[in-house]
There are 2 protein chains.
Amino acid sequence: MSSERIFVGWETSFCQDLPATLERVYEEKMNAVIAPLFHPRFKRDDALISDARDGPQTRSDLVLDSRGWTSSVVGNISKWIRPDAQCPRARLASEKAFKQEVAWATHLSVPAVLLPTPTPRCANYARLVNQSATQAQYLQFWVRVPLTTRSRESVSLAEDDTEDLPSPWEAWNTLRTMCQYHPKVSVALEITADLPSNEELQRWLGEPVRAVLIPTDVFLTNRKGYPTLSQRHQRFFLDLFKYNIQYYLTGRPRHGGGKFLPYVQYLHFLYSKRPGMDSKSLFEAPYLDYLQAPLQPLMDNLESQTYETFEQDNFKYDQYEKAIVKALAATPEDKESVVMVVGAGRGPLVRCALRAAVTANRKTRMYAVEKNPNAVITLRNLKISEKWDNVKIIASDMRHWAAHEKADIMVSELLGSFGDNELSPECLDGAQAFLKEDGVSIPCKYTSFMAPIMSSKLWNDVKALDGLKHFETPYVVRLHNIYSIAPSQPCFVFEHPKFDIPRIDNRRFLEMTFTAEESAVVHGFAGYFDSVLYEDVTLSIHPPTHSDGMFSWFPIYFPLREPVSVAKGEEMHVSFWRMVSSTKVWYEWSMTTRDGRAATTLHNPNGRSYWIGL
Amino acid sequence: MSSERIFVGWETSFCQDLPATLERVYEEKMNAVIAPLFHPRFKRDDALISDARDGPQTRSDLVLDSRGWTSSVVGNISKWIRPDAQCPRARLASEKAFKQEVAWATHLSVPAVLLPTPTPRCANYARLVNQSATQAQYLQFWVRVPLTTRSRESVSLAEDDTEDLPSPWEAWNTLRTMCQYHPKVSVALEITADLPSNEELQRWLGEPVRAVLIPTDVFLTNRKGYPTLSQRHQRFFLDLFKYNIQYYLTGRPRHGGGKFLPYVQYLHFLYSKRPGMDSKSLFEAPYLDYLQAPLQPLMDNLESQTYETFEQDNFKYDQYEKAIVKALAATPEDKESVVMVVGAGRGPLVRCALRAAVTANRKTRMYAVEKNPNAVITLRNLKISEKWDNVKIIASDMRHWAAHEKADIMVSELLGSFGDNELSPECLDGAQAFLKEDGVSIPCKYTSFMAPIMSSKLWNDVKALDGLKHFETPYVVRLHNIYSIAPSQPCFVFEHPKFDIPRIDNRRFLEMTFTAEESAVVHGFAGYFDSVLYEDVTLSIHPPTHSDGMFSWFPIYFPLREPVSVAKGEEMHVSFWRMVSSTKVWYEWSMTTRDGRAATTLHNPNGRSYWIGL
């Protein structure tokens with residue numbers, strides 16, 4: 001999501017002349033202003049929109065054209081509004097003013113309104129926000145949340161003393177849970193001079209943060225008198241820069257002679273220091289947090305474009321080539337090995353094997369087995385154009401091919417994001433019928449991994465698809481706006497070949513226990529895999545060991561129908577099943593917390609919503 | 001949909017070396033090629049994709065990268081394929097080849113395949129096309145249809161003699177009706193030397209024509225030896241240029257020394273002669289055939305942006321100003337008239353009235369009545385900034401305002417695309433309580449108009465919305481890819497004021513009889529209105545009298561749940577109801593053909609799917 005520039009604006013608590021304020025904002029190289037929609041001292045009574053009142057209640061919409069409102073102004077909802085006040089009169093006046101301000105913001109077509117910080121007891125506030133967000137077509141609702149409670153600039157809705165408040169995240173979590181993670185309700189994160197723990201900072205990266213508010217008194221002064229941020233602040237900003245966020249300075253300028261420009265320039269300077277985009281990042285950029293249905297490689301045929309994309313993953317094929325070289329080098333020098341590529345596609349592994357045979361200096365006979373008749377056309381053309389004289393093309397499903405001889409080395413690339421989820425186990429079990437007893441499978445082992453994650457973005461995207469089915473389906477997705485609540489753990493393991501087992505059973509069950517590193521909401525589970533191709537040659541998309549620059553696989557996301565809140569240190573017991581019938585394979589999953597405080601339903605029983613066809 | 005250039009390509013029936021063919025196509029300034037996917041002489045037997053066959057069945061997908069396939073190649077399905085052949089063996093071989101070619105096209109990611117011309121008896125062909133189109137994710141299916149039967153280049157699937165065939169449109173209509181107007185199945189219209197009647201040509205403008213095939217022998221030779229088209233051909237092309245269509249030359253070059261370039265240049269030259277885009281066309285361009293839900297102006301408040309757009313319709317406000325000038329000029333010179341703008345919005349009609357008072361040289365007292373509290377804020381600001389000293393702003397619903405005095409002239413702009421559909425009748429009936437007995441309403445009369453139309457585009461867009469509700473809802477839409485099957489007829493009429501009627505009844509019922517000018521399919525009805533503001537000052541969106549340059553209203557489209565085929569000369573009896581309850585207004589509609597051959601269900605009974613809230 002990184003673009004060339006960041007979007008910087010100014011939050012002002014008072015704005016007499018909006019066009020003049022915008023002039024100043026543009027002069028100081030900023031893009032927009034967060035301004036009050038109504039005069040801050042204009043605390044209205046019950047007769048808010050009375051017919052009797054003759055003067056206008058606020059400035060005219062005509063001071064800007066609609067393009068100006070849409071691109072350059074965010075509305076600041078009045079801070080005096082207290083929808084959860086004890087006094088019924090104050091409460092009703094607050095509700096009326098809130099609705100009037102949101103109606104006016106809608107009329108103006110401003111992109112968003114900035115809402116005051118919630119307190120933990122904010123039911124009526126949440127009801128108002130949820131009602132407005134549900135009615136709104138385009139308007140976004142940014143909830144101001146400070147990083148720590150004692151922020152000087154933060155404004156509270158509560159009448160209580162702020163001493164007793166839990167963390168600002170808890171209040172936000174209460175509000176958005178009451179709004180059922182409404183996709184229009186997001187966070188305007190207010191930076192504070194003191195920063196909370198790194199774990200708490202990381203947690204914000206799993207939240208829908210749309211804006212960051214930066215009080216000018218958070219900045220330090222460098223030796224030349226210019227504003228700068230502490231090292232920890234800088235590191236947090238470098239994390240934030242990965243997301244599509246707008247940055248707003250708040251308060252009065254304290255450096256550079258009453259100008260904002262030095263702050264703006266500093267933010268752009270900091271942004272320019274973020275790590276550059278390598279080719280993997282560029283490839284992944286359009287897919288960040290984008291849900292894709294997993295492939296059905298047995299039931300469907302891949303398209304030319306799909307082959308073309310994955311054939312460009314040089315790291316992956318280099319590893320395969322190394323693995324085949326090692327496997328061939330382990331054979332006697334004078335032996336002619338039979339190498340079979342099962343699931344040859346358009347031939348990249350055949351090329352790896354041919355190159356490996358040259359490097360290892362071994363004679364080989366090869367077979368390329370492929371069930372997709374379109375890919376077979378490509379293979380047959382390649383056999384002619386690239387002179388694959390020792391390669392036989394076999395148009396067949398590897399599970400059913402009646403081979404005339406057996407392989408010494410069987411090479412395949414059948415893994416999915418969760419390892420076994422594209423049915424590599426079932427395919428290789430079938431193909432092992434034509435692997436010699438002492439034959440080698442490349443890969444020989446793969447392990448899936450799993451971690452509970454928070455991501456209202458992903459959960460809302462699943463919800464938008466509508467229907468139970470979608471909450472019981474895993475998605476291939478380049479995880480981005482997420483927080484990993486606990487370290488990942490290994491899940492299912494498969495090894496090939498399996499000659500010593502009388503009846504191979506590819507069903508699996510595992511209960512994993514995770515411990516929450518911070519209070520958070522579990523929106524589902526992230527899945528990964530790592531794989532041993534041959535001896536020390538591996539492939540991995542598991543974050544701690546991710547193969548450098550490899551882009552063929554994104555992680556997988558298993559959603560939960562209802563998110564589960566967990567407290568810091570709380571245990572999560574996650575059950576995962578891999579089920580097999582004669583026609584299909586599927587997963588089921590569920591989660592409970594300690595002492596059964598919360599238990600999810602079983603997801604995808606009998607594969608009713610999602611399965612992979614055999 | 002007009003863009004700067006047209007997309008021109010070449011259809012070839014034989015293509016040995018695709019990259020070389022594309023080289024030539026680019027050299028001759030063309031964009032793409034329609035080429036056979038399999039060798040035309042390669043008439044395959046039942047063992048099409050046999051394991052035994054060792055050589056590739058067609059060229060490799062690797063001759064182009066996927067971008068090349070996607071942007072520059074359309075696949076030509078083999079013309080020997082006859083899915084409706086009598087002989088079962090030929091039939092099954094055809095089916096198998098058809099599926100193989102479509103699978104290969106899908107594998108290549110070409111944007112479309114060109115299908116052979118259907119015959120009227122094409123059930124098995126239609127089944128195959130429908131099956132493929134339903135399975136396809138991106139692939140489009142272009143059905144080759146010549147303008148007239150005796151086209152030299154046209155190829156037929158039938159084994160019969162072509163003498164007995166009905167018009168090519170009939171065969172296309174049969175095929176696409178069997179495919180239930182599938183949005184992926186469209187027309188590649190083959191131009192013929194002889195053109196059918198103008199009415200038949202117009203009918204194609206209501207069909208989903210995606211490509212036009214132009215045999216080179218259709219061109220005439222001008223005095224300098226260059227290709228040119230007949231006047232009638234030119235006029236038809238100028239019509240076609242309004243749509244998003246690709247143009248493909250077919251056959252061998254007959255002019256300019258074996259080059260296609262002169263043809264390509266002629267087509268670009270002809271395109272450059274199309275009428276330019278005026279500001280109305282530019283405004284409308286993004287909305288062509290785009291379905292919009294009609295406004296609910298009483299229940300919802302318009303937004304600032306919406307006001308801003310409509311306030312720019314100078315023609316409309318000029319007409320209002322003229323009407324008010326005439327109405328004021330008809331009053332005694334020394335009289336101070338009371339002018340009330342009911343539904344004043346952000347004040348454009350107030351400005352018209354103020355200017356008119358100056359032009360007519362009359363004294364006035366004015367009232368601006370508006371129910372939207374956001375627009376009232378604008379009006380109150382305008383009263384100050386523009387010194388509207390004789391204008392009172394009234395924040396009230398005109399139906400309920402307790403006025404202290406009555407108006408001489410009441411001005412409103414409450415009309416919808418179908419005249420009364422935004423409840424102008426009900427609003428003005430309420431407001432007439434404060435209009436003098438001899439007072440004037442501007443507008444004083446409006447009439448809706450209706451015509452049956454063919455447009456599988458619009459019908460499919462409604463179908464994509466899913467659910468009965470959407471087929472019983474009218475849509476505001478800038479009609480574009482439609483054919484008007486019969487001339488429009490007046491529908492409902494409303495006049496204001498109505499002092500002489502004891503109890504005003506705004507219900508209406510009308511049965512209209514239309515006669516089809518050509519065989520066609522009724523996909524619904526187009527609605528329009530015209531309106532008398534005052535005496536000879538009018539506003540109209542009814543095509544025969546459309547006000548020049550006015551863009552405030554698009555037509556309305558009432559869909560039919562099931563399209564109805566009608567023969568040339570057949571009568572269509574269309575019933576339309578306007579129904580009123582204490583809380584809402586709605587329309588119901590239905591159609592029968594002569595002798596009840598076809599009758600639709602009643603649409604929207606009791607306003608179950610669509611209504612306008614009072």
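Chain identifiers are assigned alphabetically (A, B, ...) following the order of the sequence lines, protein sequences preceding nucleic acid strands; residue numbering begins at 1 within each chain.
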**Q** With a 4.5 angstrom heavy-atom cut-off, is it the side chain or the backbone of R346(A) that approaches chain B, or both, or neither?
**A**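 Only the side chain of R346(A) comes within 4.5 Å of chain B.
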**Q** For chain A, which of V376(B), D65(B), I384(B) has the most heavy-atom pairs under 4.5 Å?
**A**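 The answer is D65(B).
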**Q** So, does N381(B) use its side chain to make a donor-acceptor pair with the main chain of L62(A) at under 3.5 Å?
**A**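 No, N381(B) side chain to L62(A) backbone: no donor-acceptor pair under 3.5 Å.
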**Q** Report which part of I394(A) has an atom under 4.5 Å of a heavy atom belonging to chain B: side chain, backbone, both, or neither.
**A**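 For I394(A), no heavy atom lies under 4.5 Å from chain B.
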**Q** Check each of I377(A), N374(A), N301(A) against H107(B) using the side-chain contact (heavy atoms from CB on, under 4.5 Å) test, and report the only one that passes.
**A**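 Result for side-chain contact (heavy atoms from CB on, under 4.5 Å) with H107(B): N374(A).
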**Q** In Å and rounded to the nearest 0.5 Å, what is the CG to OG1 distance from L108(A) to T378(B)?
**A**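 Answer rounded to 0.5 Å: 8.0 Å.
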**Q** At a 4.5 Å cut-off on heavy atoms, which part of L379(A) comes close to chain B: side chain, backbone, both, or neither?
**A**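 Neither part.
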**Q** Are there over 12 heavy-atom neighbours, none belonging to H400(B), within less than 6.0 Å of that residue's NE2?
**A**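 For H400(B), atom NE2 is crowded (more than 12 foreign heavy atoms under 6.0 Å).
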**Q** Please indicate whether Y290(A) has more than 12 foreign heavy atoms, meaning atoms of other residues, nucleotides or ligands, lying under 6.0 Å from its OH.
**A**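 Atom OH in Y290(A) is not crowded, with 12 or fewer foreign heavy atoms closer than 6.0 Å.
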**Q** Side chain from CB out, backbone as N, CA, C, O: work out which of these in N372(A) comes under 4.5 Å of a heavy atom of chain B, or both, or neither.
**A**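 When you check distances to chain B, only side chain atoms of N372(A) fall under 4.5 Å.
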**Q** For E308(A) and S66(B), indicate whether the former's side chain and the latter's backbone hold a donor-acceptor pair under 3.5 Å.
**A**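 Yes; at least one donor-acceptor contact below 3.5 Å.
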**Q** Are side-chain heavy atoms of L382(B) and S60(A) found at a separation under 4.5 Å?
**A**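 They are not in side-chain contact.
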**Q** If you count heavy-atom pairs under 4.5 Å with chain A, which of A103(B), S304(B), S109(B) comes out on top?
**A**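 Most heavy-atom pairs under 4.5 Å with chain A: S304(B).
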**Q** With a 4.5 Å cut-off on side-chain heavy atoms, are T70(A) and Q305(B) touching?
**A**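 Contact flag for Q305(B)/T70(A) side chains = yes.
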